[in-house]
Number of protein chains: 2
Amino acid sequence: MGSLKLDHELDNNSHMMVNPLDPEEFRRQGHMLIDFTADYYQNIENYKVLSQVEPGYLKKLLPESAPYYPESIETILQDVQKFIIPGITHWQSPNYFAYFPSSGSTAGFLGEILSTGFNVVGFNWMSSPAATELECIVMDWLGDMLMLPKSFLFKGNGGGVLQGTTCEAILCTLAAARDQMLNRRGSEKMEKLVVYGSDQTHSVLQKAAQIAGIHTKNFRAIKTTKSNSFGLCPNSLRDAVHADVEAGLVPFFLCATVGTTSTNAIDPIGPLCEVAKDFNIWVHVDAAYAGSACICPEFRHFIDGIEGANSFTLNAHKWFLTTLDCCCLWVKDPSALIKSLSTNPEFLRNKATDSKLVVDYKDWQITLSRRFRAMKLWLVLRSYGVANLRNFLRSHVKMAKLFEELCGLSCERVNELNKKLLESINESGNMYMSSTVVDGAYIIRCAIGATLTEERHVIRAWKVIQEHADALLGKN
Amino acid sequence: MGSLKLDHELDNNSHMMVNPLDPEEFRRQGHMLIDFTADYYQNIENYKVLSQVEPGYLKKLLPESAPYYPESIETILQDVQKFIIPGITHWQSPNYFAYFPSSGSTAGFLGEILSTGFNVVGFNWMSSPAATELECIVMDWLGDMLMLPKSFLFKGNGGGVLQGTTCEAILCTLAAARDQMLNRRGSEKMEKLVVYGSDQTHSVLQKAAQIAGIHTKNFRAIKTTKSNSFGLCPNSLRDAVHADVEAGLVPFFLCATVGTTSTNAIDPIGPLCEVAKDFNIWVHVDAAYAGSACICPEFRHFIDGIEGANSFTLNAHKWFLTTLDCCCLWVKDPSALIKSLSTNPEFLRNKATDSKLVVDYKDWQITLSRRFRAMKLWLVLRSYGVANLRNFLRSHVKMAKLFEELCGLSCERVNELNKKLLESINESGNMYMSSTVVDGAYIIRCAIGATLTEERHVIRAWKVIQEHADALLGKN
């Protein structure tokens with residue numbers, strides 16, 4: 001560590017840099033940070049859930065440029081407390097009910113610590129065999145817990161990979177499906193390829209299609225209706241595909257969703273796969289949020305028919321106690337991914353890769369460098385066990401049912417009022433919910449899934465909603 | 001936390017799940033992990049740098065499925081020590097000289113802890129204002145340290161974003177450039193677009209082009225020569241572009257490299273930008289590894305001419321003490337990125353976004369969800385300060401020069417022998433170097449940049465090389 005030497009610009013020993021990975025200094029500062037974070041969880045209910053700062057608040061508080069001389073960790077932590085925490089929207093708060101959960105846990109956190117501590121860049125097997133092999137193992141474990149068909153697992157010649165987010169995973173499968181179709185059709189042009197989803201499908205599908213060069217006029221968001229609970233109707237898909245084929249276009253990709261973002265709608269996977277099969281369309285199933293529940297036998301039916309799909313994703317960082325980011329992608333045919341995503345530069349050649357006995361995950365994803373994400377999923381699976389993970393998910397479902405009962409029929413479709421109500425609740429900082437518009441109705445969403453949420457928070461949430469509604473309606 | 005209740009399947013109180021974010025249990029286990037990691041750094045020289053396990057080693061050691069009941073952190077850590085560490089290639093070892101550095105540090109690690117602890121999903125400003133604002137601030141700080149033109153900074157209407165890796169960043173800029181060119185040309189077809197790099201450009205360019213749907217026959221890897229130190233010659237670029245234009249094709253993207261992976265070659269940015277300008281070609285400058293050195297005034301000249309480029313990347317996770325992943329991307333025209341990458345689903349609508357006073361980083365990158373990466377870069381900049389960061393980089397440059405002097409002229413171009421020599425060294429586990437092939441020559445690469453590397457490790461590395469060479473040549 002040559003930096004032990006004093007820089008000529010440093011005029012004072014107190015500014016001398018010692019080894020930036022000195023084990024004893026690492027230990028001292030590490031313990032401080034653990035206490036800081038534990039205290040944060042201890043006090044989290046004291047903070048306003050939704051940050052109430054104004055745009056540009058932080059620029060006024062921080063200096064114009066990076067410091068020339070080192071600053072102590074004590075000073076920095078004071079600034080985190082004073083300047084950063086007020087600008088945080090507390091996703092870990094038990095009163096966080098917005099968007100989707102980001103359910104952290106001690107085990108997920110510890111896995112992240114180990115991954116960061118080793119700081120390996122696991123692009124191929126050889127760059128750290130444990131990182132690749134542990135990932136293959138936990139993906140088969142979790143696949144089994146979800147009762148995925150063997151064809152999605154390594155033991156059945158499919159396999160799983162941990163990516164950052166669903167957007168990356170959809171982009172990878174979309175590129176694989178695109179290239180497969182272009183190869184199959186020989187002279188076919190990119191401009192003819194068509195992607196399908198519903199009007200409830202997450203916008204990441206549209207984004208992935210844009211990035212992959214699919215023409216925007218060839219993106220189909222098929223209309224859903226309330227009568228089908230906003231699920232994608234197989235007949236509507238067939239009609240849309242037929243019309244495109246008639247017009248000389250080439251359907252190639254469908255994204256079906258298990259648990260849409262707006263209303264948690266479920267697309268009927270089996271019947272949709274039947275339609276797709278007739279046209280050689282790649283089916284990706286996005287179960288980003290709701291998929292976790294399928295480790296409980298009583299909820300597994302939501303992914304019935306998955307054997308007909310080509311790929312499946314679930315975000316362990318949403319509702320599975322694994323910190324951001326950790327998107328689980330399983331594919332039946334890894335070679336389709338590899339054909340689209342592999343590059344083999346000379347500087348990465350090695351015996352293990354040449355032997356073809358190993359998985360090189362760089363060819364299963366967009367990026368070359370990759371973090372040791374399997375560590376956190378492994379810690380979550382082992383620290384809680386299948387039994388308690390089911391227990392955890394069931395407890396949230398139960399709380400959601402309680403909330404539903406509390407609401408009863410009192411939720412009315414008065415768009416302007418709902419909007420004002422949500423603003424008033426969120427500005428109070430007592431809880432945080434989000435909104436959507438479905439079928440013309442402005443809807444307040446209450447997503448129950450934060451790790452720290454207990455029944456009492458749900459009951460209080462309902463009281464807060466009532467109080468704000470009464471105030472708005474002038475009942476008080 | 002409804003999971004406090006006993007699941008009917010759990011037959012024993014000892015298996016009962018308590019709050020997975022219980023602050024006191026978090027504290028206890030967190031401290032254990034800090035000690036575990038500090039001990040790892042303390043003992044890192046005792047491990048073989050390159051893991052010596054065989055493919056499939058871990059499957060034999062771990063159970064077939066996830067445990068049904070929880071396991072203790074003590075048990076899990078024993079397994080990490082016994083099963084995982086032997087499968088780790090120790091990128092943090094002072095004897096790690098392969099590929100490129102992955103220079104961890106205490107400050108980077110602590111930043112990651114804070115980011116993981118808050119576990120916010122910072123897709124837009126509102127989802128955690130501090131995450132977005134701190135990122136804008138540190139990107140301007142680091143841009144200033146690199147003396148980037150103001151046009152790349154927020155204060156000059158450009159701006160920076162922290163992505164995962166260079167591959168993501170190149171894909172984003174390539175998609176932006178592609179769409180800009182297609183819009184400008186009206187009816188132009190995707191099939192006509194051409195991408196340029198040199199035969200030394202990192203394979204991520206080719207991969208990004210594949211994903212973005214650029215036809216493989218339109219990817220130009222322009223030949224470089226030893227006489228130009230393997231830098232891309234502006235005249236060669238002009239010739240290639242001319243030929244493509246003559247053939248009715250549409251040049252649109254050039255990736256120039258400051259510090260290639262094989263030999264650390266430098267493409268002449270200024271003159272290349274001049275050529276690109278004549279054809280409206282987007283120039284991206286990839287300074288993934290070597291770019292860090294440009295915070296030292298004496299090395300800044302390597303990016304002279306950067307004012308003519310459109311975008312610039314540097315990986316803080318390579319040689320800038322920030323743990324994986326942290327790719328810094330600056331662009332002059334954020335609106336070009338946003339046009340290609342934005343989607344605005346109803347459920348993400350909010351006042352702040354509508355006001356246009358804020359940055360929503362989801363529109364600057366592939367993924368929607370994003371980690372609070374700015375935290376670690378902020379901690380690195382503050383904990384070490386500009387002075388010591390320069391000191392750190394200079395110390396590695398000095399060690400590399402020392403190594404060069406030690407080698408003298410003794411390195412011969414005997415391909416087969418070099419290959420055997422490298423295998424023999426790496427199998428010893430005493431140090432780890434990697435290889436490349438340039439201009440037909442098999443070259444052993446020694447990349448000096450690990451945080452813990454001191455002069456004594458470099459001197460020893462040279463001795464190890466000599467010993468293995470002597471053994472191979474039968475001198476002993």
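All chains are named by letter (A, B, ...) in the order of the sequence lines, taking the proteins before the strands, and each is independently numbered beginning at 1.
- Contact detail for A:K207 and B:T367: the closest heavy-atom pair is NZ-O, 4.0 Å.
- At least one donor-acceptor pair under 3.5 Å links the side chain of A:Y41 to the backbone N or O of B:G117.
- Without hydrogens or angle criteria, A:T451 side chain to B:P20 main chain gives no donor-acceptor distance under 3.5 Å.
- From A:Q210, atom CD reaches atom CZ of B:R178 across 8.5 Å, with rounding to the nearest 0.5 Å.
- Ring-plane geometry between A:H31 and B:H31 is classed as tilted, the angle between the planes lying from 30 to 60 degrees on a 0 to 90 degree scale.
- Contact annotation for B:M145: only side-chain heavy atoms (C-beta onward) come within less than 4.5 Å of a heavy atom of chain A.
- For chain B, the nearby part of A:S342 is the backbone; its heavy atoms alone come within less than 4.5 Å.
- Counting all heavy atoms, side chain and backbone alike, A:E54 lies closest to B:E133 at O-OE2, 3.9 Å.
- Listed options A:K59, A:R382, A:M126, A:E71 were ranked by heavy-atom pairs under 4.5 angstrom with chain B; first place goes to A:R382.
- Looking only at atom types and distance, the side chain of A:N119 has no donor-acceptor partner in the side chain of B:H317 under 3.5 Å away.
- Of all the listed residues (A:M375, A:H202, A:H90), the one sharing the greatest number of non-hydrogen pairs under 4.5 Å with chain B is A:H202.
- Of the listed residues (A:D144, A:I88, A:V358), the one with the most heavy-atom contacts under 4.5 Å to chain B is A:I88.
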